[in-house]
Amino acid sequence: HYTIARDRVRWNIVDGQAVLIHVETLYYYSLNRTGTVIWSALLTRAMSEQEIIQTVANKFGQSPARVADDVTAFLAHMCAEGLIQTESAA
């Protein structure tokens, strides 16, 4: 399951767009619509990749297969930057 690394990132939603700051590197991230949907979903709870894909697909009226690559790439990038982390399902 994926979750926000709350100890390493501060965020705000401005005009429907998530803006993130990594508190250790001070790097700034401005997420697109898809990234903001994922970020907002992860604010509510930890989610599996498939749950996130389904959430994005539902939000944009697309099939899960159509959004899967974008979601996977976003999660990989955010994990590499230390903004999102994985945790074991309890």
Side-chain angles (χ1 to χ4, degrees):
H1 282 77
Y2 290 88
T3 185
I4 292 171
R6 294 177 187 264
D7 60 329
R8 290 190 297 265
V9 63
R10 299 297 173 261
W11 64 89
N12 201 355
I13 308 292
V14 179
D15 294 330
Q17 184 176 28
V19 177
L20 320 175
I21 297 176
H22 192 298
V23 298
E24 295 169 2
T25 64
L26 300 180
Y27 288 166
Y28 164 93
Y29 306 82
S30 181
L31 303 185
N32 65 16
R33 288 177 54 206
T34 303
T36 299
V37 167
I38 295 168
W39 192 263
S40 297
L42 289 175
L43 287 174
T44 63
R45 65 182 178 91
M47 300 174 81
S48 71
E49 185 171 347
Q50 287 306 311
E51 289 172 314
I52 296 167
I53 289 169
Q54 191 62 55
T55 297
V56 171
N58 291 345
K59 176 70 176 178
F60 294 108
Q62 300 291 328
S63 71
R66 184 165 176 94
V67 303
D69 287 346
D70 288 341
V71 170
T72 299
F74 175 83
L75 293 173
H77 179 70
M78 292 289 103
C79 283
E81 295 294 322
L83 301 170
I84 290 175
Q85 59 198 10
T86 56
E87 62 179 26
S88 299

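Just the heavy atoms: all of them, side chains too, but no hydrogens, waters or symmetry mates, feed the values below.
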Taking all non-hydrogen atoms of both residues into account, name the closest pair between [X] and [Y] and its distance.
| X | Y | value |
| --- | --- | --- |
| Ala5 | Gly82 | CB-O, 3.4 Å |
| Tyr2 | Cys79 | CE2-SG, 3.6 Å |
| Ala46 | Glu51 | O-OE1, 4.4 Å |
| Val23 | Asp7 | CG2-O, 3.7 Å |
| Ile38 | Val56 | CG1-CG2, 3.6 Å |
| Leu31 | Thr36 | O-OG1, 3.5 Å |

- request: Using a cut-off of 6.0 Å, state whether more than 12 heavy atoms not belonging to Phe60 lie near its atom CZ.
  value: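 Above 12, so yes.
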message: Atom CG of residue position Asp69 - does it have more than 12 heavy atoms of other residues, nucleotides or ligands inside 6.0 Å?
response: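 No, not enclosed.
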Could you grab the distance from atom [atom1] of [X] to atom [atom2] of [Y], nearest 0.5 Å is fine?
| X | Y | atom1 | atom2 | result |
| --- | --- | --- | --- | --- |
| Tyr27 | Ile21 | OH | CD1 | 14.0 Å |
| Leu75 | Ile53 | CG | CD1 | 7.5 Å |
| Thr86 | Glu49 | OG1 | CD | 11.0 Å |
| Ile84 | Ile4 | CD1 | CD1 | 6.5 Å |

- prompt: Transitively linked via ILVMFWY side-chain contacts under 4.5 Å: Met47 with Leu20?
  reply: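 Yes, Met47 and Leu20 fall within the same hydrophobic cluster.
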query: Is there a chain of hydrophobic side chains (I, L, V, M, F, W, Y, each step under 4.5 Å between heavy atoms) that links Leu83 to Trp11?
result: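 Yes: a chain of side-chain contacts under 4.5 Å links Leu83 to Trp11.
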task: Check each of Glu24, His22, Glu81, Gln85 against Arg8 using the side chain to side chain donor-acceptor pair (under 3.5 Å) test, and report the only one that passes.
output: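 By the side chain to side chain donor-acceptor pair (under 3.5 Å) criterion, Arg8 pairs with just one of Glu24, His22, Glu81, Gln85: Gln85.
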- prompt: Would you say the side-chain atoms of Arg10 pair up with the backbone N or O of Arg6, donor to acceptor, closer than 3.5 Å?
  reply: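 Confirmed, Arg10 side chain pairs with Arg6 backbone.
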query: Taking the side chain from Asn12 and the backbone from Val14, do they hold a donor-acceptor pair closer than 3.5 Å?
result: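 Flag not set: sc Asn12 to bb Val14 has no pair under 3.5 Å.
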- request: Show the numbers, then the answer: is there a side-chain contact (heavy atoms from CB on, under 4.5 Å) between Ile52 and Phe74?
  value: CA-CA 11 Å; Ile52 296 167; Phe74 175 83; over 6 Å; no
